[in-house]
Amino acid sequence: MAKKIGVTMEVGNDGVAVITISNPPVNSLASQIISGLKEKFQDANQRSDVKAIVLTGNGGRFSGGFDINVFQQVHKTGDISLMPEVSVDLVCNLMEDSRKPLVAAVEGLALGGGLELAMACHARVAAPKAQLGLPELTLGIIPGFGGTQRLPRLVGLEKGANMILLSKSISSEEGRKLGLIDELVPPGDLLTTSRKWALDIALLSDTAKALVHVFFAQRATSKVPKVTDVGLKPRPMKKVAVIGGGLMGSGIATALLLSNIRVVLKEINSEYLLKGIKSVEANLKGLVSRGKLTQDKASKAFSLLKGVLDYSEFKDVDMVIEAVIENIQLKQKIFKEIEEVCPPNCILASNTSTIDLNVIGEKTNSKDRIVGAHFFSPAHLMTLLEIVRTENTSAQVILDLMALGKAIKKVPVVVGNCIGFAVNRTFFPYSQAAHMLVNLGVDLFRVDSVITSFGLPLGPFQYISPSCLVVLMLGDLAGHGIGIAVKDIYAKAYGDRMFSSPLTELLLKSGRNGKINGRGYYIYEKGSKPKPDSSVLSVVEESRKLTNIMPGGKPISVSDKEIVEMILFPVVNEACRVLDEGVVIRASDLDVASVLGMSFPSYRGGLLFWADTVGPKYIYERLKRLSETYGGFFKPSRYLEERATKGMLLSEPKSSRSRL
Ligand SMILES: CCCCCCCCCCCCC[C@H](O)CC(=O)SCCNC(=O)CCNC(=O)[C@H](O)C(C)(C)COP(=O)(O)OP(=O)(O)OC[C@H]1O[C@@H](n2cnc3c(N)ncnc32)[C@H](O)[C@@H]1OP(=O)(O)O
């Protein structure tokens, strides 16, 4: 059968034009191939439906280089005009200067002009064991498609010169190591990966879309209807009192001091007060040692701190931030006291992450001044500040706290008052789902590994939601005793969709309280990475016996993708309820909060942006099937069902305004 010679172009639904060289057996660059390439590149650059271009060779070979027969003809005839003009108009103008990204998909071999064409592309994806080289000197010529310039820039001058002067080829594996090849994939994935690369370079990638979304979403958080658009001006916050010098209180105090705000730190006795002051000092020292703060600035900040054991310094404070333990009675007592001792316009804020603010302020007559200032631990480092408003909180107070948040380099996100507010409420199913999977027989270290591969910095068993008091079954980092303390509060509010696992209690009973005492699911030793503690598996087995949810007593078999879905889809589901109840002003606020508060990968755009890329319909159907198998924990929310069935995105604004 006559061999098919030519250059073809196919444009896929993804907008990628695949240009293929066909000239068996080595796809040598004969004159008609070169003219064909010129024509296709011009066409691809002109077509509006083409977003990016992939160049490849037919028959498992990219190209063996320029057609040596032409050289032979020139030798015979002396007619140099037989040499097609290629370097400038093809390689430079049409390829390197292409307005659209151009990726070479290299298989088999790319030699001489073949490799030179590949190097004129913006990136190169190769299959294993491809032969790459510039053997022109074996023909008595030098590389004429720009290879003498591009190869050394890609692999370094020494290696490049060596390859050219010795006509030495390398494999695509070595090319990957040297930077000549950008990604190595199996032959079957070559075109798919090359297309993705081409689109990524075109900045049409999901990653680019996600990060641009987060950029604008973060700026949108400063627009709060009826607060920032009614002509109010924020009042200066020169002196702030922090009640409670524990982990959160000392972190909050540090954040305030770093922005030159005078801080009065109150504790109940001198021992706790000294501890709190030492914690602030340690926070500042830590910043200095990490080069984030000069010693002078640290000393100046520390000089603005005053420790007290009573309210004598409260008479001229602009704001009080309560940061004591999550005890309702204690908080109510404190709020009653500060209402009496503070100026009448002083803002009365609580750092609570769990308790209803209306309950906290129950014994006061200052409902308009009560607000949540929910920091995330470590409070002097984490940038998210949830500003929790009740239906009584005044716009001025919200505006003042937003301004203070910005002044101390936080990203304030205004949210509504419910158990867990926005982030903690949304993410409480995160750890519970992980615990369910482990009780269903899935290896807990695998769960952590899958979730970190998805993009969260730590898995649910090592992770802690940064506010320290967030989700019911906390990871090692916060200490498991805390998680149990808030469990009942969540159970009361969201009991219909919770999974209760004895694993945390069993872990505590076995003397493992997480990083606090060096052992949790992992072993923590100073200076080394946490190591999975295989001895914890006996505790896991005990939990599995108690919950007895493994079908037929046998561990379930799930793929990594299913693990991600079983853990994050319930989180998306709860986010839908948060949207439905108007706890956030807009979906993108929750994206920002998920990224800054839970370290959800920003390159996925935040929780709801990611969910919309997965597709509400798919999420709804998966949760429906999971709820049929595993019960109400996965039951799709009304909002999700509605959006899925109407083909709407989760992030599309509700017709009715949020309750904020
Ligand atoms: C003299 C003119 C003066 C003017 C000079 C001005 C300079 C301006 C230059 C402009 C363009 C320059 C572009 C570039 O820089 C120059 C080049 O690309 S030169 C070519 C570089 N490539 C090579 O040297 C590769 C040579 N080929 C091989 O090494 C091997 O063939 C292979 C590719 C590794 C495959 O090996 P095998 O699988 O063993 O197969 P064979 O070797 O048997 O070959 C099969 C078959 O293909 C023919 N063939 C191979 N390569 C070419 C080729 N590049 N052009 C034409 N034909 C080629 C080979 O002859 C066999 O043919 P068959 O015998 O089956 O008919």
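Just so you know, ligand 1 is whichever comes first in the structure, and atom 1 is the first atom listed for that ligand. Here the structure is a predicted model, which is why all the values come from computation and not from measurement.
- At least one N or O atom of Phe66, backbone or side chain, sits closer than 3.5 Å to an N or O atom of ligand 1.
- The pair Glu541-Arg544 meets the salt-bridge criterion, since a charged nitrogen lies less than 4.0 angstrom from a carboxylate oxygen.
- Comparing heavy-atom distances from atom 4 (C) of ligand 1 across Val74, Asn23, Ile142, Ile80 singles out Ile80 as nearest.
- A salt bridge is absent between Arg643 and Glu652; no separation between the charged side-chain nitrogens and carboxylate oxygens falls under 4.0 Å.
- Sorted by first then second residue, the side chain to side chain donor-acceptor pair (under 3.5 Å) pairs that include residues 12-25, not counting sequence neighbours, are Asp14-Arg195, Ser22-Asn58, Asn23-Ser28.
- With ligand atoms numbered from 1 in the order given, ligand 1 contributes 18 (O), 21 (C) to contacts under 4.0 Å with heavy atoms of Gly112.
- Of the listed residues (His75, Glu116, Arg61), the one carrying the non-hydrogen atom nearest atom 14 (C) of ligand 1 is Glu116.
- A salt bridge links Lys624 with Glu628; the closest basic N to acidic carboxylate O contact falls under 4.0 Å.
- The contact set between ligand 1 and Leu139, taken as ligand atoms under 4.0 Å from a residue heavy atom, comprises 19 (S), 20 (C), 24 (O).
- Contact atoms of ligand 1 toward Met83: 8 (C), 9 (C), 10 (C) (distance under 4.0 Å to a heavy atom of the residue).
- Some N or O of Gly113 is nearer than 3.5 Å to an N or O of ligand 1, by distance alone.
- Side chains of Tyr521 and Asp448: no donor on one and acceptor on the other come within 3.5 Å.
- Tyr618 and Glu565 form a side-chain donor-acceptor contact under 3.5 Å, judged by distance and modelled atom types alone.
- No hydrogens or angles considered: a donor-acceptor pair under 3.5 Å links the side chains of Glu562 and Ser559.
- Under 4.0 angstrom from ligand 1, the non-hydrogen atoms of Val26 all belong to its side chain.
- In Val70, neither the side chain nor the backbone holds a heavy atom less than 4.0 Å from any atom of ligand 1.
- Considering backbone and side-chain N/O of Glu136, one or more are found under 3.5 Å from N/O of ligand 1.
- Atoms of ligand 1 lying under 4.0 Å from any heavy atom of Leu111, numbered from 1 in the order shown and given with element: 33 (C), 34 (C).
- For atom 25 (C) of ligand 1, the nearest non-hydrogen atom from the set Pro143, Gly147, Gly64 belongs to Gly64.
- Nearest approach of Ala210 to Phe609, heavy atoms of both residues: CA-CE2, 3.6 Å.
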